[in-house]
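Okay, structure first, notes after.
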Number of protein chains: 2
Amino acid sequence: MAERTRAARVRTNDPGGLRRRLVDAAFEAFATRGYHATSVHDLKRAAGATGGALAHHFPSKKDLGLAVLQDRVADAVEETWIRPVLSARTAADGISAVFTRIADELDRQGCVSGCPLSNLALELSRHDDDFRRLIDAVFVRWRAAVAEKIRTDQEAGLLEGLDPEAFATLVVASYSGAMAMAKAAQDAQALRICAEELSRAMQPRSASLR
Amino acid sequence: MAERTRAARVRTNDPGGLRRRLVDAAFEAFATRGYHATSVHDLKRAAGATGGALAHHFPSKKDLGLAVLQDRVADAVEETWIRPVLSARTAADGISAVFTRIADELDRQGCVSGCPLSNLALELSRHDDDFRRLIDAVFVRWRAAVAEKIRTDQEAGLLEGLDPEAFATLVVASYSGAMAMAKAAQDAQALRICAEELSRAMQPRSASLR
DNA sequence: TCGCGAACAGGATAAGCGTCCTGTTTGGGG
DNA sequence: CCCCAAACAGGACGCTTATCCTGTTCGCGA
């Protein structure tokens, strides 16, 4: 049943590489177009894989989705949010910088696809509980990292008067929601505004005008 | 081709009623399961309509989606957010009350389906520009109403030191994002936390601990 | 009362979907 | 070198999808 008429039959088994290409293609597609709006045929074409190969690595579309969440979405949050914030001078600096950097990137690439985690969260949380658990775990990790940085600042005397966990929740919620508005407006301004307002909310409570 | 074997053929033309039932069913389904995850067959069954009737009122699924946004989502935001906030004593009261009321409702009904507008925003904004424009318009209206209430408070001397438009953006973003987290956690706590943090951020900047 | 357009019934249709199956190729361990 | 499990090819399969078509029924205006 294999192809024989084509000139050179050159195939090399590369399980790790093909698997990675499939998850990459799925991450890209799920994050931009959505899980249900993406067909497995699209993914096969994007990754240059055949049905047999896909079925071998991922028996079902759901398995691919779970792999995307574990192998890509979690890392994306780690790279774009957690590491920059933790390595910044202060929590306020880090949070503001992340908002600004992402807004700049969106302007540069000219379109807003939204936060991959939020996109999948809204689409899949109620669809399947396995998805929901993974998504929630990423949100928990995200909030915990921001809260940790805030607490570190407080212990160093750089910040006062905030509940670390609560404010971290506000930060993550603001980002997620601002990205939703940015996606609807196709304009990153909402992100910059929220960054500014969060900075204001973090300032120590002394008499100062704007 | 019509049914003749069935006992009593009782049909009454009710264009307005059937149309409303279709849009209701679509709103319910799109808001909870999502647009792409809902088939038109599901909608026909939920509304008790036949293919011919659906096609008569809505030539395509997209037409139904646009009607849902115009006739239901916009009103839902008006009812659950804009009117309560505008009619509250102060902006701070209104915002806090809406967060709390919705959190209570979610606890009572035991599951979190999320904000209909945000759900559709993330799923459809990049899918189709007609959807995107309608969604953005609702966000704009939403933010403007909250900003208006804040400005009214300021003019009455009840509030100071806030940029109305900017803070309204933070409020809407926080709600949208907190609802996303609540959906992933299936727990309304994120909403209560954000309400509390927004209240703190609205307090005049005097020396007071928590 | 009657006619005509709007409202609706019910299925046809073609394309697309996710999954699975059989067969072939690869490459590392014995 | 050989062999066998893993890796992959390619398509069949059954089901669902959204749309559309023809035919029937309703109900308002005249």
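Since the structure is predicted, the reported quantities are computational estimates derived from the model, not experimental observations. Below, read A as the first sequence line, B as the second, and so on, with proteins coming before strands; counting in each chain starts at 1.
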Nearest to the side chain of Thr50(B), which nucleotide is it out of dC8(D), dC8(C), dG18(C)?
dC8(C)

With heavy-atom distances below 4.5 Å as the criterion, would you say the side chains of Thr90(B) and Leu159(B) are in contact?
no

Where do Thr100(A) and Arg192(A) land on the side-chain hydrogen bond (donor to acceptor under 3.5 Å, both in side chains) test, with the steps shown first?
CA-CA 6 Å; Thr100(A) 304; Arg192(A) 292 186 222 277; over 6 Å; no

Atom NE2 of His36(B) and atom P of dG18(C): how far apart are they, to the nearest Å?
12 Å

Nucleotide of dC8(D), dT19(C), dC20(D) approaching Ala55(B) most closely (side-chain heavy atoms)
dC20(D)

Starting the side chain at C-beta, find the nucleotide from dT19(D), dG27(D), dT19(C) nearest to Lys61(A).
dT19(C)

Nearest whole angstrom, please: distance from the P of dA12(D) to the NZ of Lys44(A).
13 Å

Report yes or no: does Arg83(A) contribute a side-chain atom to a donor-acceptor pair with the main-chain N or O of Glu78(A) at less than 3.5 Å?
no

Measure CZ/Arg20(A) against P/dC8(D) and give the value in whole Å, please.
12 Å

Starting from P on dG18(C), measure out to NE2 on His57(A) and report it in whole angstrom.
19 Å

I need the CZ-P distance between Arg19(A) and dA6(D), as an integer number of Å.
16 Å

Rounded distance (Å) that lies between atom P of dC17(C) and atom CG of Leu43(A)
10 Å

Parallel, tilted or perpendicular: which fits the ring planes of Tyr35(B) and His127(B), with parallel below 30° and perpendicular above 60°?
tilted

What integer distance in Å separates Lys62(A):NZ from dC20(C):C1'?
18 Å

Val140(B) and Met181(A), any side-chain heavy atoms less than 4.5 Å apart:
no

Are Ser39(A) and dG16(C) close enough that a side-chain N or O sits under 4.0 Å from OP1 or OP2?
no

OP1 or OP2 of dA7(D) versus the side-chain N and O atoms of His56(A): is any pair under 4.0 Å?
yes

Classify Leu54(B) by what it touches in the nucleic acid, base, sugar-phosphate, or nothing, heavy-atom distance under 4.0 Å.
nothing

Between Leu18(B) (CG) and dA7(C) (P), how many Å, whole number?
10 Å

Out of dT19(D), dG18(C), dC8(D), minimum distance to the side chain of Val40(B) belongs to dT19(D)

